[in-house]
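Order of the sequence lines fixes the chain letters, A, B, ..., with proteins taken first and strands second; residue numbering starts at 1 for each chain.
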Number of protein chains: 4
Amino acid sequence: MRNCHSPSSERRQQFMDAAIELASQRGYEGATIKLIAEKCNVTVGTIYHYFKNKEDLFRQAVQERAFTSILATLLNDIDELPIEKGLFLVAQGFLKVIREAGMLVSIFISESVHNHEIGTIYADMISQNRQMMQAYLDKKIHTGQLGAIDTAVAVQIFFGHFFMAYFHKELLKMDNLPDIDETFVLNSVNLFLRSWQQEGTHV
Amino acid sequence: MRNCHSPSSERRQQFMDAAIELASQRGYEGATIKLIAEKCNVTVGTIYHYFKNKEDLFRQAVQERAFTSILATLLNDIDELPIEKGLFLVAQGFLKVIREAGMLVSIFISESVHNHEIGTIYADMISQNRQMMQAYLDKKIHTGQLGAIDTAVAVQIFFGHFFMAYFHKELLKMDNLPDIDETFVLNSVNLFLRSWQQEGTHV
Amino acid sequence: MRNCHSPSSERRQQFMDAAIELASQRGYEGATIKLIAEKCNVTVGTIYHYFKNKEDLFRQAVQERAFTSILATLLNDIDELPIEKGLFLVAQGFLKVIREAGMLVSIFISESVHNHEIGTIYADMISQNRQMMQAYLDKKIHTGQLGAIDTAVAVQIFFGHFFMAYFHKELLKMDNLPDIDETFVLNSVNLFLRSWQQEGTHV
Amino acid sequence: MRNCHSPSSERRQQFMDAAIELASQRGYEGATIKLIAEKCNVTVGTIYHYFKNKEDLFRQAVQERAFTSILATLLNDIDELPIEKGLFLVAQGFLKVIREAGMLVSIFISESVHNHEIGTIYADMISQNRQMMQAYLDKKIHTGQLGAIDTAVAVQIFFGHFFMAYFHKELLKMDNLPDIDETFVLNSVNLFLRSWQQEGTHV
DNA sequence: AATGAATGAGATTTCATTCAT
DNA sequence: CATGAATGAAATCTCATTCAT
């Protein structure tokens with residue numbers, strides 16, 4: 001039988017889920033141990049059986065939930081598709097992931113600036129995604145489907161755009177911004193492709 | 001002689017500066033009144049002589065520092081320049097502003113998600129900048145310097161790109177990202193223009 | 001084992017007792033949480049483990065101690081006695097109760113004016129006592145032991161007299177007032193009865 | 001020209017009025033120097049030119065406003081009237097005085113218990129009124145208009161009744177109590193007189 | 001006389017963490 | 001494993017009072 005410190009103990013997961021959810025709603029400071037405990041119908045002491053302290057709880061929670069692998073799978077799947085279809089699916093997939101991990105995104109955004117540990121986890125995650133995407137674009141350049149663009153910048157623009165759109169529209173609920181629907185993604189991808197596909201350019 | 005509640009009282013400014021600086025380093029919760037007071041060599045009580053409470057201090061500090069007008073001036077100046085030069089200067093100006101307001105940016109990013117008041121100030125600021133930039137691009141389309149693009153999306157991409165670049169590279173200090181120097185800006189602008197200048201496209 | 005929120009937890013009672021005692025000596029504001037905690041040999045935090053806040057502590061303390069039932073028992077016991085004996089016992093009982101609850105009386109008197117919540121508890125208590133006593137007097141009128149007096153006013157005079165006597169002599173320690181002893185009560189009751197027993201009067 | 005410490009300086013009066021009014025609404029602790037100053041359109045420092053400290057301000061304010069002399073005048077006026085008319089006028093006058101000094105009454109009631117200084121002022125005032133009234137009743141016994149009652153107790157009952165009636169009905173706003181109007185006063189006086197006028201009784 | 005900035009002490013409240021049971 | 005009472009440190013805020021101007 002697993003002891004309580006096993007990473008897959010149901011209780012541990014429950015605590016981490018509650019921690020993430022509360023922190024996404026009220027910030028790290030606002031997600032108190034008492035609230036987390038109440039949400040899980042246990043008392044404060046119990047949390048300390050599973051995690052050394054609050055920071056430990058959050059580090060593990062964020063760590064386990066960082067979304068990397070999804071992009072890997074996705075890029076593999078679309079390798080053979082035409083680029084416009086591929087980029088569309090990557091964008092859709094990326095949006096799906098950050099929407100599902102919306103609570104995590106809130107935490108990354110608001111804590112990364114001050115909390116070095118979380119900042120590092122976030123940076124690593126971003127970096128891995130960027131590298132995979134860059135490799136994908138490089139291959140497309142190689143096969144002539146894209147012009148000779150600076151893929152480092154291109155990847156930044158690509159993810160940055162969808163991330164900011166999500167942040168402003170869906171996290172901060174700014175109205176008077178276009179909905180992030182299929183049309184929006186399509187238009188965005190087309191805008192990128194028009195620039196990336198021109199032959200003979202060197203950025 | 002000005003009284004302490006005049007917005008331009010030197011002491012008030014000093015307190016607001018300290019508040020912003022501390023919050024950018026340690027977050028809203030971490031920027032305690034005691035720390036702010038110590039930074040200004042006064043006692044906590046003094047802060048409350050100038051501001052009703054902590055929220056009031058931060059609201060006023062953020063409000064007064066929100067950077068809007070700079071873009072207005074900038075767009076006016078570049079109205080007659082060729083578009084590639086104009087966009088380059090806008091991007092440079094935008095980066096200059098958020099670099100100077102770096103501390104504010106940290107606060108906006110990390111607090112907007114949980115603090116509705118700051119979120120609103122941030123959203124208003126973003127919205128104003130977006131509208132001005134959109135008007136500029138619309139005019140350029142009218143004069144034939146740009147193709148018939150969706151300027152709402154274009155503006156989002158433009159600012160979003162530079163913002164994310166700044167956020168990742170200079171706020172979160174992610175290495176293995178290109179420096180945000182003149183070359184980076186130039187390359188980025190070119191990438192955008194290639195797509196925006198194509199005739200006959202409709203996004 | 002009882003948890004700390006059970007109304008009969010010993011600790012809870014101890015805190016409420018200390019709160020009442022301190023408030024009766026120094027007023028609501030003067031009865032600080034720190035003092036209450038010290039009196040009970042715990043730290044301030046502990047108080048907040050048992051009560052939401054200071055107001056909560058006092059509301060519950062006052063609520064639980066409001067003296068109603070005693071009069072009910074008393075009036076039942078004296079139902080068959082001659083009226084002069086009955087009134088004497090009621091007066092004695094009333095004085096006994098407010099003497100025992102002396103600290104509560106201080107609080108009711110001094111806080112009811114400004115603290116609406118305590119004012120309401122006090123008013124309810126007064127009202128219940130008044131109604132029971134009025135019913136008793138009404139019955140005595142019915143059986144012909146009292147004249148046709150206005151029992152509402154009579155009850156007010158009866159309790160008001162003993163209350164003021166207690167307030168001035170024993171709470172405020174005004175000297176040059178007669179002691180509130182058996183003779184005083186007897187004289188007072190006689191004075192009332194002389195007026196109440198006259199036949200054929202209608203107030 | 002009077003200096004600011006002259007008792008009749010208009011400013012001093014204004015401060016004391018404001019202090020009494022605020023304290024009657026919010027209690028002694030709630031009547032802060034800042035509020036008093038604001039009510040008088042001056043700044044905190046100014047109050048300290050006129051009074052040594054907060055306690056000094058209140059002691060003087062309460063002292064000057066204690067209502068003694070009115071009863072003296074009144075009792076003089078009614079000396080020749082029949083006793084039932086006289087008592088009626090005394091009761092009316094007493095109610096008028098405490099109604100006009102309603103704010104003072106609040107303060108006396110709520111502060112006397114804890115604040116020894118105010119308690120003493122209150123006790124003195126009560127004592128003086130009681131003595132004058134007792135002298136009046138003694139005279140009436142002497143002239144045969146009243147029976148041989150214990151005037152000390154009678155005075156206590158008389159003032160106590162009207163005071164409690166005022167306290168409960170008009171200060172604490174207890175509803176389901178009779179209005180303290182002319183009828184109420186008349187009924188009350190009659191109730192007292194019926195008892196006081198019987199010959200041959202000895203209380 | 002008047003101002004109002006500044007202070008220092010203290011009040012309420014919150015919270016991560018510990019520990020005996 | 002779980003409880004929940006208890007702690008201690010710290011945060012926000014209030015307020016009477018002082019004092020240079």
Side-chain angles (χ1 to χ4, degrees), chain A residues 1 3-5 9 11 29-37 40-57, chain B residues 1-5 9-12 29-37 40-57, chain C residues 1-6 9-12 28-37 40-57, chain D residues 1 3-5 9 11 29-37 40-57:
Chain A
M1 191 191 289
N3 80 6
C4 77
H5 295 287
S9 145
R11 265 288 159 84
E29 319 270 345
T32 68
I33 298 290
K34 190 153 178 266
L35 278 177
I36 294 169
C40 301
N41 295 314
V42 297
T43 52
V44 280
T46 308
I47 306 275
Y48 285 87
H49 269 280
Y50 291 80
F51 301 95
K52 214 174 88 245
N53 53 33
K54 188 178 175 180
E55 198 191 327
D56 183 45
L57 162 58
Chain B
M1 192 190 289
R2 284 194 205 91
N3 79 8
C4 77
H5 294 287
S9 145
E10 263 178 51
R11 261 292 156 85
R12 269 178 61 82
E29 320 267 348
T32 68
I33 299 290
K34 190 153 174 272
L35 279 177
I36 295 169
C40 301
N41 295 312
V42 295
T43 55
V44 271
T46 306
I47 307 278
Y48 287 91
H49 192 63
Y50 289 79
F51 300 94
K52 219 172 85 247
N53 51 36
K54 187 178 174 178
E55 199 191 326
D56 184 44
L57 162 59
Chain C
M1 189 190 292
R2 284 194 204 91
N3 81 7
C4 77
H5 295 287
S6 149
S9 145
E10 264 178 51
R11 260 293 155 84
R12 268 177 62 82
Y28 179 82
E29 319 269 347
T32 67
I33 299 290
K34 190 154 175 269
L35 279 177
I36 295 170
C40 302
N41 295 315
V42 297
T43 55
V44 273
T46 306
I47 306 279
Y48 285 90
H49 191 62
Y50 289 79
F51 300 94
K52 219 173 84 247
N53 51 35
K54 185 177 176 179
E55 199 190 326
D56 185 44
L57 162 58
Chain D
M1 191 190 290
N3 78 7
C4 76
H5 295 286
S9 146
R11 265 286 160 84
E29 319 270 346
T32 68
I33 298 290
K34 189 149 177 270
L35 277 178
I36 295 169
C40 300
N41 295 314
V42 297
T43 51
V44 280
T46 308
I47 306 276
Y48 285 87
H49 269 279
Y50 290 81
F51 301 95
K52 212 173 90 244
N53 52 34
K54 187 179 175 179
E55 198 191 328
D56 184 45
L57 162 59

Closest heavy-atom contact between A/V44 and A/A37?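 Smallest heavy-atom distance, with atoms named: N-CB, 3.9 Å.
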Among [options], which nucleotide sits nearest the side chain of [X]?
X	options	result
B/H49	E/dG4, E/dT13, F/dT17	E/dG4
B/Y48	F/dA5, E/dT3, F/dC13	F/dC13
A/T43	E/dA16, F/dG4, E/dA1	F/dG4
A/R11	F/dA2, E/dT13, F/dT12	F/dA2
D/Y50	E/dA1, F/dA2, F/dA5	E/dA1
B/T46	F/dT12, F/dT3, E/dA6	E/dA6

Looking across every strand, which nucleic acid part, if any, lies under 4.0 Å from A/T32 by heavy atom: base, sugar-phosphate, or nothing? sugar-phosphate
Mind checking if D/V44 touches a base, just sugar-phosphate, or nothing, with heavy atoms under 4.0 Å? base
Side chain to side chain contact (heavy atoms under 4.5 Å, CB included) involving B/T46 - partner list, sequence neighbours excluded: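 Counting only residues at least two positions away or on another chain, B/T46 forms a side chain to side chain contact (heavy atoms under 4.5 Å, CB included) with B/F15, B/V42, B/T43, B/Y50.
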Just to verify, what does D/E29 make a side chain to side chain contact (heavy atoms under 4.5 Å, CB included) with, not counting sequence neighbours?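 For D/E29 the side chain to side chain contact (heavy atoms under 4.5 Å, CB included) partners, ignoring immediate neighbours, are C/E29.
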Distance check needed: E/dT3 P versus D/N41 CG, whole Å only. 9 Å
Interatomic distance, A/K34 NZ vs F/dA2 P [rounded to whole Å]: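 It works out to 19 Å between those atoms.
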Sequence neighbours excluded, which residues qualify as side-chain hydrogen bond (donor to acceptor under 3.5 Å, both in side chains) partners of C/D56? C/R59, C/Q60
Using the closest heavy atom to pick a nucleotide of DNA chain E for each, name whichever of B/I47 or C/E29 lands nearer the 5' end. B/I47
Fill in the dot-bracket string of DNA chain E, one character per base: . for unpaired, | for a pair to another strand, ( ) or [ ] for pairs within the strand, taking Watson-Crick or G-U pairs under 3.5 Å. .||||||||||||||||||||
